[in-house]
Amino acid sequence: STEKICRWLDIDDPIISAARPVALKEHILKLNGTGVWRLIPADHEYSGEADAPKGEEETIGGFEYDRNLKLREKKKKLLLPVIRKIYQETKDARVLVFVGSKADAAKLAAYLKEKAGELFPRIDRDQGRDDRGGASEKEESFWEKLNQCDRDEGQEMLISELIPYGIAYHHAGLSTTLRELIEEEFQAQNSHLKLIVATETLTVGVNMPVDAMVMVDSKVPLGSEDWE
């Protein structure tokens, strides 16, 4: 609580602010591609929606809405034009896509590589070469550590088929070593990774420098059928 923090810091008058340190462009979309967006500027402070910046209508093109599809398929179909729009606006964007389950994280990462492969060309490992013409120590360290990770059935696809194209997924089913390597690389200044599909595990204790975040699911499974 604020009171406990004040006692810990030995201060009497804390400065409490809800202002954002950086601007935020927020989009809320329906499955048919229509929605609203608004820009929340840096240092803008408001106490509730009544004080919030007003939204403008928008429509995401590039796909045909099919109301007969299952919910998961509708989300996948909309995700493609959303991701393409992000990279049209920011070519080297780092993107986080949040989903509700481990299975969806792996499946969506593979789906994006298959359907939007033009955005994720195979990485040239000579990129980021040092002044002597050789690969930098950082480059060698990343690929060497990656090759040393365990390669069970799930991690083999990630290591061999996705990461070389700048795509990864992140969930509790991966080894700690591989999860930490993905986190470290994604936060690097010249990261090879452009996009991560992740469950809520990536939100725990990790401050990611991303250009865009896409929330595919707003619920997470508690058990075989229950969601929260």
Side-chain angles (χ1 to χ4, degrees), residues 29 31 33 60 62-66 69-88 90-125 127 142-143 145-187 191-203 206 208 210-221 224 227:
L29 296 173
L31 292 172
I60 299 294
F63 84 112
E64 184 177 342
Y65 177 66
D66 185 349
L69 293 176
K70 293 183 178 180
L71 177 60
R72 185 166 296 175
E73 293 303 313
K74 290 178 181 177
K75 290 181 178 182
K76 285 171 60 177
K77 197 167 184 180
L78 176 59
L79 181 61
L80 277 177
V82 169
I83 294 297
R84 288 195 170 106
K85 179 178 175 63
I86 290 171
Y87 284 109
Q88 285 172 359
T90 308
K91 181 180 178 182
D92 298 320
R94 271 183 275 193
V95 180
L96 269 180
V97 179
F98 279 108
V99 295
S101 71
K102 294 185 289 186
D104 283 345
K107 289 177 182 178
L108 264 187
Y111 173 79
L112 289 173
K113 183 208 166 199
E114 176 188 356
K115 298 297 184 180
E118 75 280 4
L119 302 175
F120 307 102
R122 189 174 182 87
I123 295 169
D124 180 359
R125 295 193 185 183
Q127 289 178 350
F142 171 67
W143 295 111
K145 289 179 180 178
L146 188 64
N147 288 331
Q148 292 170 4
C149 289
D150 294 334
R151 290 174 178 258
D152 61 21
E153 183 177 351
Q155 296 194 168
E156 174 63 30
M157 180 187 75
L158 174 58
I159 294 170
S160 301
E161 301 179 25
L162 294 177
I163 291 180
Y165 292 86
I167 303 174
Y169 56 83
H170 184 289
H171 58 62
L174 300 178
S175 69
T176 301
T177 300
L178 185 51
R179 288 203 312 269
E180 291 178 349
L181 185 60
I182 289 170
E183 294 165 12
E184 179 183 323
E185 176 62 22
F186 197 61
Q187 294 177 82
S191 174
H192 285 302
L193 297 178
K194 296 177 64 177
L195 181 144
I196 296 179
V197 185
T199 62
E200 78 282 358
T201 56
L202 195 57
T203 67
V206 180
M208 287 292 180
V210 300
D211 298 291
M213 184 186 74
V214 182
M215 295 287 293
V216 174
D217 295 318
S218 59
K219 299 180 180 180
V220 296
S224 58
W227 289 70

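These numbers come from a predicted model, not from an experiment.
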Any heavy-atom pair between the side chains of [Y] and [X] that's under 4.5 Å?
X    : Y    : value
L80  : L112 : yes
K107 : Y169 : no
K145 : T177 : no
I163 : F142 : yes
R94  : L193 : no
D211 : V95  : no

Pairing residues for E156 by the salt bridge (Lys or Arg N to Asp or Glu O under 4.0 Å) criterion, not counting sequence neighbours: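 E156 satisfies salt bridge (Lys or Arg N to Asp or Glu O under 4.0 Å) with R151 only.
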Holding to salt bridge (Lys or Arg N to Asp or Glu O under 4.0 Å), I want the full list of residues that pass it with K76, two or more places apart in sequence or in another chain.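 Partners of K76 by the salt bridge (Lys or Arg N to Asp or Glu O under 4.0 Å) criterion, ordered by chain and then number, come out as E73.
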Mind checking whether Y87 and F120 have parallel, tilted or perpendicular rings, split at 30° and 60°?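 Ring orientation of Y87 relative to F120: perpendicular.
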Indicate the atoms forming the closest heavy-atom contact of [X] with [Y], along with that distance.
X    : Y    : result
I60  : P81  : CG2-CB, 3.7 Å
A105 : T199 : CB-CG2, 4.4 Å
A109 : A168 : CB-O, 4.2 Å
L178 : C149 : CD1-SG, 3.9 Å
A93  : I86  : CB-CG2, 4.0 Å
G173 : K102 : N-CD, 3.6 Å

At what distance, to the nearest 0.5 angstrom, does [atom1] of [X] lie from [atom2] of [Y]?
X    : Y    : atom1 : atom2 : result
I182 : I196 : CD1   : CD1   : 6.5 Å
L195 : F186 : CG    : CZ    : 7.0 Å
E161 : R122 : CD    : CZ    : 10.0 Å
D152 : L174 : CG    : CG    : 8.5 Å

If you apply the rule side-chain contact (heavy atoms from CB on, under 4.5 Å), what do you find for V216 with V197, and how did you get there? CA-CA 10 Å; V216 174; V197 185; over 6 Å; no
Is a side-chain N or O of K77 found less than 3.5 angstrom from the main chain of D66, in a donor-acceptor match?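 Checked: no pair found.
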Under a 3.5 Å distance rule, please check whether S191 uses its side chain to pair with a backbone N or O of E185 as donor and acceptor.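 Present.
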Suppose we screen for side chain to side chain contact (heavy atoms under 4.5 Å, CB included). Which residues come up paired with D150, at least two apart in sequence or across chains?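 Residues passing side chain to side chain contact (heavy atoms under 4.5 Å, CB included) with D150: Q155.
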If the test is side chain to side chain contact (heavy atoms under 4.5 Å, CB included), which one of L158, T201, L96 qualifies with H170?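 Among L158, T201, L96, the one that satisfies the side chain to side chain contact (heavy atoms under 4.5 Å, CB included) with H170 is T201.
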May I have all residue pairs that pass salt bridge (charged side-chain N to carboxylate O under 4.0 Å, His left out) and include part of residues 170-181, sequence neighbours excluded?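 For residues 170-181: none.
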Set of residues satisfying side-chain hydrogen bond (donor to acceptor under 3.5 Å, both in side chains) with respect to K75, sequence neighbours excluded: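 Once residues adjacent in sequence are excluded, the partners of K75 under the side-chain hydrogen bond (donor to acceptor under 3.5 Å, both in side chains) criterion are D217.
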Going by side-chain hydrogen bond (donor to acceptor under 3.5 Å, both in side chains), name the pairs with one or both residues in residues 110-121, residues two or more places apart or in two chains.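 Output for this query lists R84-E118.
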Just wondering, more than 12 heavy atoms not from K85 lying within 6.0 Å of its NZ?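 Count not over threshold, so no.
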